[in-house]
Amino acid sequence: MTDVASQPLVTVTVTDHVATVSLNNAAKRNALSAALLDAFIDALSGLKGQDVRAVILRAAPGLPVWSAGHDIKELPHGHEDPLGYADPLERALRAIREFPYPVIAMIHGTVWGGAFDLVLSCDMIVADETASFAITPVNLGLPYNTTGLLHFIGRLPMNLIKEMFFTATPLKADDAAKWHIVNHLVPSAELDSFTQALAEGMTHKAPLAVAVIKEQLRVLADYQPIAAQVFERIQDMRRVVYESADFQEGINAFLEKRKAVFTGK
Ligand code: LCV
C-alpha cells in the first residue's frame, strides 16, 4: 500500500501534445493548499517547455469531490486580505489564464468555493452528471476579491451570480449546462474520452494562432476600467468584513466542524 503522504499532490501525463494535470489529495478533498497550488503552478510552467498544445485539468480518477476550494486552514484571518494578489489561489488563476494553450477543466464530482473560480478560469469546462459548483464566501464571512467577482461577471448572468453567492447552494450539473457554465455535459462513462478528443482536436490547429487569440481574449476580457477611488472604497469595505468577528466565526466554525452563527459584527 503506497504511503499517501508520499504520493504527489499533482500528477502530470503527456500524450500526443495533450497534458493531463490531476489534483491528487483525496484525503483533504483536493483542498487548494499552498503546497498543492505551488505544485500545480510548477506543473503548468514545466509544460511550457514541452510541445504541449492543450491541457486537461482534472481530479484524480473516482474522487467524489473535484476540489473543496481554498484550504480554509490557510486563509489569513485577522488584518490581512484573505484573497490578496499574492495568494497561491490567485497565482494559480493567473497561471491558467496566461498559459499559452487551451486548458480544459474536466469535472467529475463537486467543486467548491475558490475551486469554482479556478474552473471558470479554464478555457472550457466538460462535466458529467456528478458535477456541481458552489461559491461559498458567505459561509465563512469572507469578502470575495474584486478580481474574482469580475471573473464571475464575465462568465455568468448577474442574477445567477447573486443567487450562487448569497445562498452558497451548489448548482447541479444540468443547471450548469442550462446556464452555459459548462461547454459540454456528458455521461460519466464518456467524460474522459470526450474530453481527450476535444483536447486532441485543438492540437492539430495552428498553435501560434491559438496562443495569440487566447491572449487577446484574456486582455480584452480583463480590461475593466475602475476608478482608483472606487477601488479604494471597495478595499475599505472589504477590510471591515475580513476584520470582522463574523469572518473569525466562519473560520472557527469550519475548524470546529459546527455551523457558524453570524451576528453581523
Ligand atoms: C481545508 C478541508 C477543506 C477545505 N480546506 O469530507 O469561496 S470562498 O470565498 O469561501 C474561498 C475562500 C474558498 O474556497 O473557501 C473554501 C470553500 N470550501 C468549502 O466551503 C467546502 C468545505 N468542505 C466541505 O464542505 C466538505 O469537506 C466537502 C463537502 C467538500 C466534502 O465532505 P466530506 O464529508 O467528503 P470532510 O468534510 O470529512 O473533509 C475531509 C478532510 O478534508 C478537509 C476536512 O477538514 C477533513 O480533514 P480532516 O480529515 O483532517 O478532518 N477539508 C475539506 N475541505 N476547504 N480542509
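Start at 1 and go down the list; that is how both ligands and their atoms are numbered.
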Residue of the set Ile125, Val119, Val103, Leu44 for which side chain to side chain contact (heavy atoms under 4.5 Å, CB included) holds with Leu57 | Val103
Can you list the ligand 1 atoms lying under 4.0 Å from a non-hydrogen atom of Asp71?
-> 1 (C), 5 (N)
Protein contact of atom 5 (N) of ligand 1 - nearest heavy atom, named by residue and atom, plus distance = Ile72 N, 2.9 Å
Under 4.0 Å from one or more heavy atoms of Lys257, ligand 1 contributes atoms 45 (O), 51 (O)
Atom 30 (C) of ligand 1: which protein heavy atom is closest, and how many Å away?
-> Trp112 NE1, 3.6 Å
Protein heavy-atom partner closest to atom 3 (C) of ligand 1 - residue, atom, separation in Å | Phe254 CZ, 3.6 Å
Please determine which of Leu149, Thr136, Leu160 meets the side chain to side chain contact (heavy atoms under 4.5 Å, CB included) test together with Phe165.
-> Leu149
Would you say atom 26 (C) of ligand 1 has a protein heavy atom nearer than 4.0 Å?
-> no
Would you call Lys214-Asp123 a salt bridge at under 4.0 Å N-O?
-> yes
What do you think, any protein heavy atom under 4.0 angstrom from atom 34 (O) of ligand 1?
-> no
Under 4.0 Å between a Lys/Arg side-chain N and an Asp/Glu carboxylate O for Arg239 and Glu80?
-> no
Numbered in order shown, the ligand 1 atoms found under 4.0 Å of a heavy atom of Gly69 are 14 (O)
For ligand 1, which part of Ser33 has a heavy atom less than 4.0 Å away: the side chain, the backbone, both, or neither?
-> neither
Atom 56 (N) of ligand 1 has as its nearest protein heavy atom Lys73 NZ, 3.6 Å
So which heavy atom in the protein is nearest atom 47 (O) of ligand 1, and how far is it from that ligand atom?
-> Lys28 NZ, 3.4 Å
Could you tell me whether atom 17 (C) of ligand 1 has a protein heavy atom closer than 4.0 Å?
-> yes
For atom 32 (O) of ligand 1, find the nearest protein heavy atom and state the residue, atom name and distance (0.1 Å precision).
-> Arg29 NE, 4.5 Å
Taking 4.0 angstrom as the limit, do Arg233 and Asp236 come out as a salt bridge?
-> no
Phe116, portion touching ligand 1 at heavy-atom distance under 4.0 Å | neither
State whether the shortest distance between N or O atoms of Gly114 and N or O atoms of ligand 1 falls below 3.5 angstrom.
-> yes
Under a heavy-atom criterion of less than 4.0 Å, does Leu142 contact ligand 1?
-> yes
Answer yes or no for atom 50 (O) of ligand 1: protein heavy atom present at a distance under 4.0 Å?
-> yes
For atom 20 (O) of ligand 1, find the nearest protein heavy atom and state the residue, atom name and distance (0.1 Å precision).
-> Thr136 OG1, 3.8 Å
Does a salt bridge link Asp38 with Arg91, judged by any charged N lying under 4.0 Å from a carboxylate O?
-> yes
Would you mind listing which atoms of ligand 1 come within a distance below 4.0 Å of any non-hydrogen atom of Ile135?
-> 7 (O)
Indicate yes or no for a side-chain donor-acceptor contact from Arg29 to the backbone of Ser67 under 3.5 Å, with no hydrogens or angles considered.
-> no
On a heavy-atom basis, the closest approach of Ala31 and Leu36 is O-CD1, 3.9 Å
Evaluate the criterion side-chain contact (heavy atoms from CB on, under 4.5 Å) for residue pair Asp175 and Ile181; output intermediate values, then yes/no.
-> CA-CA 9 Å; Asp175 285 330; Ile181 291 172; over 6 Å; no
Using the test ring-ring contact (aromatic ring centres under 6.0 Å, His included), find all partners of Tyr242 that sit at least two apart in sequence or belong to another chain.
-> none
Closest protein heavy atom to atom 54 (N) of ligand 1, given as residue, atom name and distance to 0.1 Å | Ala68 CB, 3.2 Å
At the 4.0 Å heavy-atom cut-off, does Ala27 count as touching ligand 1?
-> yes
Here the pair of heavy atoms bringing Ser244 nearest to Phe247 is OG-N, 3.1 Å
Ligand-side contact atoms (ligand 1) for residue partner Leu140, heavy atom cut-off under 4.0 Å = 10 (O), 15 (O)
Subset of ligand 1 atoms that lie under 4.0 Å from at least one heavy atom of Pro137 = 7 (O), 8 (S), 9 (O), 10 (O)
side-chain hydrogen bond (donor to acceptor under 3.5 Å, both in side chains) partner of Asp117, the single match among Arg155, His70, His151 | His151
Taking all heavy atoms of Asn30 and all of Trp66, pick out the closest pair and write down the distance.
-> ND2-O, 3.0 Å
Any luck finding a side-chain donor-acceptor pair between Glu90 and Asn145 under 3.5 Å?
-> yes
